[in-house]
There are 2 protein chains.
Amino acid sequence: MVESSKILRESADLDDVDRKIVEELQANGRITNAELADRVGVAASTCIARVRSLVARKIITGFTASVDPRAIGLDLEVLVSVTVRSGARQRITELSEELRGLPEVMQLFFLGGVEDFIIHLAVRDSDHVRDFVVEHLSAHPAISSTRTSIVFSHHQNPVRMQG
Amino acid sequence: MVESSKILRESADLDDVDRKIVEELQANGRITNAELADRVGVAASTCIARVRSLVARKIITGFTASVDPRAIGLDLEVLVSVTVRSGARQRITELSEELRGLPEVMQLFFLGGVEDFIIHLAVRDSDHVRDFVVEHLSAHPAISSTRTSIVFSHHQNPVRMQG
DNA sequence: CATGAAATTATTACGAA
DNA sequence: TTCGTAATAATTTCATG
């Protein structure tokens with residue numbers, strides 16, 4: 001089925017206009033359509049159709065405001081590495097769902113390797129970390145061990161085209 | 001200086017309207033101001049002033065489109081843990097600046113603990129990971145060791161109020 | 001600070017190329 | 001698909017409470 005795999009790749013293929021739109025919207029997701037159209041060099045009506053197509057094709061998965069955790073009293077970020085008890089691996093999915101719902105959890109990486117998860121937390125202080133780990137991790141029957149590291153700084157980049 | 005520390009905290013303090021705006025804009029950063037005002041229950045002119053204040057106070061640090069790396073041919077995500085050579089710790093800052101500029105790097109966590117960094121990469125395939133590690137990490141004089149883990153899945157949550 | 005109203009801009013269907 | 005246009009809708013300034 002060479003055809004269908006080619007079609008699948010083509011459907012995600014971005015031309016120069018799409019690429020520029022994606023770049024601009026990653027840098028400023030609240031830019032007006034008119035301004036975006038100007039920057040990209042197409043008509044406003046073309047631009048809005050392109051943006052909708054990018055969203056419909058799930059190339060753009062959403063638009064979000066970035067919030068500084070420190071600005072709302074969450075002064076401490078940590079990464080917690082978690083190892084799941086062998087024989088409880090089938091419970092990883094339900095555990096991950098549970099963790100995702102907790103307000104402290106900013107990110108969850110489900111991994112292959114020695115560690116099964118890494119949890120990125122934003123919390124008030126070190127007492128809050130301890131409470132989180134005790135309540136949601138140490139006590140959990142599927143969890144074998146955890147390791148907590150302080151995050152001194154954290155940078156997030158836009159997704160960039162490569163190759 | 002009880003006063004000044006109180007003032008600092010107050011300046012970041014959000015009332016119910018601010019909290020609702022932050023929540024809505026994290027869920028949909030491209031919502032119109034009119035719609036946002038409706039949802040929050042204030043006049044459009046009030047709403048836009050609140051949003052600007054949140055941005056001016058750096059509570060909202062930006063607005064971005066979320067892009068699916070797989071949709072643009074970056075089919076593999078990995079975390080690379082990096083340990084810096086003791087005696088080269090003062091070079092961590094410059095190394096981090098260098099890494100941030102690379103297109104593969106989506107996130108960079110600068111840590112306290114056994115590992116000094118964790119790098120979150122989006123790449124084409126395993127050859128691409130190997131090339132990245134060889135070119136930018138193994139060869140670097142400040143780097144002592146690296147460990148790479150495949151990311152099976154990755155979830156990102158909005159920042160949520162706590163307490 | 002918040003609001004409503006007025007003026008300015010932006011969004012968006014749609015017809016034509 | 002792209003564009004220009006025209007109607008609709010949103011944004012933003014500002015005077016007033």
Side-chain angles (χ1 to χ4, degrees), chain A residues 3-4 6-68 71-73 158 161, chain B residues 3-4 6-68 71-73 158 161:
Chain A
E3 276 310 303
S4 75
K6 186 173 185 179
I7 288 162
L8 278 172
R9 282 211 287 104
E10 298 286 319
S11 79
D13 253 3
L14 308 188
D15 64 16
D16 287 346
V17 171
D18 287 331
R19 271 191 282 270
K20 194 83 199 298
I21 288 173
V22 165
E23 193 181 317
E24 293 288 345
L25 286 177
Q26 284 192 95
N28 181 6
R30 230 178 140 72
I31 190 175
T32 65
N33 182 63
E35 168 82 18
L36 181 59
D38 268 1
R39 290 186 186 223
V40 169
V42 293
S45 48
T46 303
C47 192
I48 204 162
R50 289 294 193 123
V51 172
R52 283 171 178 165
S53 163
L54 287 164
V55 172
R57 288 186 286 160
K58 308 278 179 72
I59 290 157
I60 293 174
T61 57
F63 295 92
T64 64
S66 303
V67 173
D68 179 4
I72 60 168
M161 317 290 162
Chain B
E3 275 311 304
S4 75
K6 188 173 186 182
I7 287 162
L8 279 171
R9 283 209 289 105
E10 296 287 319
S11 81
D13 252 3
L14 309 187
D15 64 16
D16 287 346
V17 171
D18 288 330
R19 272 191 281 271
K20 196 82 199 298
I21 288 173
V22 164
E23 192 181 318
E24 293 288 345
L25 285 176
Q26 284 192 97
N28 180 6
R30 229 178 141 71
I31 190 176
T32 65
N33 181 62
E35 168 83 17
L36 181 59
D38 267 2
R39 289 185 185 224
V40 170
V42 293
S45 48
T46 303
C47 191
I48 204 161
R50 289 295 193 122
V51 172
R52 284 173 178 162
S53 163
L54 287 164
V55 172
R57 289 186 286 161
K58 309 278 180 70
I59 290 158
I60 294 174
T61 58
F63 295 93
T64 65
S66 303
V67 173
D68 179 3
I72 60 168
M161 317 291 163

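Values reported hereafter were calculated over all heavy atoms of this structure, with side chains retained and with hydrogens, waters and symmetry mates removed. Letters go in sequence order (proteins before strands), and every chain restarts at 1.
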Go through it in stages, so that I can follow the logic: the residues are A/Phe63 and A/Leu25, the test is side chain to side chain contact (heavy atoms under 4.5 Å, CB included), and I'd like the CA-CA distance, side-chain angles, deciding distance and then a yes or no. CA-CA 9 Å; A/Phe63 295 92; A/Leu25 286 177; 3.9 Å; yes
Less than 4.0 Å between a side-chain N and a carboxylate O, is that true for A/Arg19 and A/Glu23?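 So A/Glu23 does not pair with A/Arg19 through a salt bridge.
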Salt bridge or not for B/Glu24 and B/Lys20, using N-O below 4.0 Å?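 The answer is yes: the pair qualifies as a salt bridge.
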What contact category does A/Ala49 fall into here, base, sugar-phosphate, or nothing, at under 4.0 angstrom with non-hydrogen atoms?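 Counting heavy atoms under 4.0 Å across all strands, no contact is made by A/Ala49.
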Side-chain N or O of A/Arg52 versus OP1/OP2 of C/dT11: is the shortest distance under 4.0 Å?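 Checking A/Arg52 against C/dT11: no side-chain N or O falls below 4.0 Å of OP1 or OP2.
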Phosphate-side-chain proximity, A/Arg50 and D/dT1, N/O vs OP1/OP2 below 4.0 Å: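 Negative; the distance criterion is not met.
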With the criterion being N/O to N/O and under 3.5 Å, what pairs connect the protein with nucleotides 8-10 of chain C, and how long is each?
none

Using modelled atom types and a 3.5 Å cut-off, is there a donor and acceptor pairing between side-chain atoms of B/Arg39 and backbone atoms of B/Ile21?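 Checking the backbone N and O of B/Ile21 against the side chain of B/Arg39, no donor-acceptor pair under 3.5 Å is found.
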I'd like to check the side chain to side chain contact (heavy atoms under 4.5 Å, CB included) partners of B/Thr64; sequence neighbours left out, ordered by chain and number.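 By the side chain to side chain contact (heavy atoms under 4.5 Å, CB included) rule, B/Thr64 matches A/Thr64, A/Ser66.
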Please write out each protein N/O paired with an N/O of nucleotides 3-7 of chain D under 3.5 Å, distance rounded to 0.1 Å.
{"from": "D/dC3", "atom 1": "OP2", "to": "A/Ala43", "atom 2": "N", "distance (Å)": "3.1"}
{"from": "D/dC3", "atom 1": "OP2", "to": "A/Thr46", "atom 2": "OG1", "distance (Å)": "2.6"}
{"from": "D/dG4", "atom 1": "N7", "to": "A/Ser45", "atom 2": "OG", "distance (Å)": "3.4"}
{"from": "D/dG4", "atom 1": "O6", "to": "A/Ser45", "atom 2": "OG", "distance (Å)": "2.8"}

Measure [atom1]/[X] against [atom2]/[N] and give the value in whole Å, please.
X: A/Asp16; N: D/dT1; atom1: CG; atom2: C1'; result: 16 Å
X: B/Leu36; N: D/dT12; atom1: CG; atom2: P; result: 12 Å
X: B/Ile48; N: C/dA5; atom1: CD1; atom2: P; result: 18 Å
X: B/Asp15; N: C/dA2; atom1: CG; atom2: C1'; result: 12 Å

Between B/Val17 and B/Arg30, name the one whose nearest nucleotide on DNA chain C is closer to the 5' end.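 Of the two residues, B/Val17 wins.
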May I ask you to test the [X]-[Y] pair for a side-chain heavy-atom distance under 4.5 Å?
X: B/Thr61; Y: A/Val67; value: no
X: A/Asp18; Y: A/Arg57; value: yes
X: A/Asp15; Y: A/Arg50; value: yes

Return the minimal non-hydrogen interatomic distance between B/Arg30 and A/Asn33, and the atom names on each side.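 Scanning both residues, the minimum pair turns out to be NH2-N, 3.8 Å.
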